Amino acid sequence: MKISIILFFSFCFAQLAVAQQANTSNDNLQTAQFKVLGNCGMCKKTIEKAALGAQASTAVWDVKTDMISVAFDSKKTSKEALQKAIALAGYDNAGYKADDEAYKKLHGCCQYDRTGEAGGTKSCTANDQEH
């Protein structure tokens with residue numbers, strides 16, 4: 001009987017600890033949206049991969065609006081770190097301008113208009129959208 005009571009309380013304590021940890025993680029969850037210039041489906045993959053590599057838990061870039069939506073744990077990364085990682089991949093964004101060398105390494109179709117206009121003229125044709 002003592003063993004059953006000990007096991008019961010151990011189980012309850014473990015469940016409480018797991019629940020507390022889950023609540024702490026949710027408290028650190030943040031979301032953000034910002035502009036990232038790009039052209040096509042290949043850009044989308046590269047931009048999202050850069051954000052995920054910088055510890056975003058989700059990253060979705062919209063090719064038509066040039067906006068990315070990200071979710072991240074603020075104890076692991078920040079909006080600024082995500083923007084910097086995307087710029088290092090060659091894409092100008094609301095926080096950082098990509099280095100010219102990183103931009104030049106992009107596929108020709110992915111070399112977007114660098115004037116800063118979101119949703120501007122895309123250099124890819126409709127057939128190029130899904131590289």
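These numbers come from the heavy atoms of this one structure, side chains and all, not from hydrogens, waters or symmetry mates. Remember, it's a predicted structure, so these values are computed and weren't measured experimentally.
- Looking only at distances, a side-chain donor or acceptor of Lys44 sits under 3.5 Å from a matching main-chain atom of Trp61.
- Looking at Thr77, its side chain does come within 3.5 Å of a backbone N or O of Ala54 through a donor-acceptor pair.
- No donor-acceptor pair under 3.5 Å is formed between the side chain of Gln83 and the backbone N or O of Ala94.
- The CD atom of Glu48 sits 9.5 Å away from the OG1 atom of Thr58 when rounded to the nearest 0.5 Å.
- Atoms CD1 and CD1, from Ile68 and Ile86 in turn, are 4.0 Å apart once rounded to the nearest 0.5 Å.
- Counted by atom type alone, Asp92 and Tyr103 present zero donor-acceptor pairs between their side chains at under 3.5 Å.
- Taking each heavy atom of Lys104 and Gln111 in turn, the nearest pair found is O-NE2, 3.1 Å.
- Salt-bridge formation is detected for the pair Arg114/Asp100: a Lys NZ or Arg NE/NH1/NH2 atom is positioned less than 4.0 Å from an Asp or Glu carboxylate oxygen.
- Taking both residues in full, the closest heavy atoms of Ala71 and Leu29 are given as CB-CD1, 4.2 Å, listed atom of the first, atom of the second, then distance.
- To the nearest 0.5 Å, atom CE of residue Met42 and atom NE2 of residue His107 are 4.5 Å apart.
- The side-chain heavy atoms of Thr31 and Phe72, taken from C-beta on, include no pair separated by under 4.5 Å.
- Summarising the geometry, atom NZ belonging to Lys79 is positioned 9.5 Å from atom CD belonging to Gln33; distances are rounded to the nearest 0.5 Å.
- The nearest pair of heavy atoms linking Gly38 to Asp66 is O-OD1, 3.5 Å.
- The two atoms that bring Ala98 and Ala87 nearest to each other are CB-O, 3.3 Å, heavy atoms only.
- Note: the hydrophobic cluster containing Val60 does not contain Ile47 (ILVMFWY, side chain heavy atoms under 4.5 Å, direct or indirect links).
- Taking OG1 of Thr65 as the start and NZ of Lys35 as the end, the distance is 11.0 Å to the nearest 0.5 Å.
- A chain of hydrophobic side-chain contacts below 4.5 Å, direct or via other Ile, Leu, Val, Met, Phe, Trp or Tyr residues, connects Tyr112 to Val63.
- Here the closest heavy-atom approach between residue Cys110 and residue Asn39 is recorded as C-ND2, 3.8 Å.
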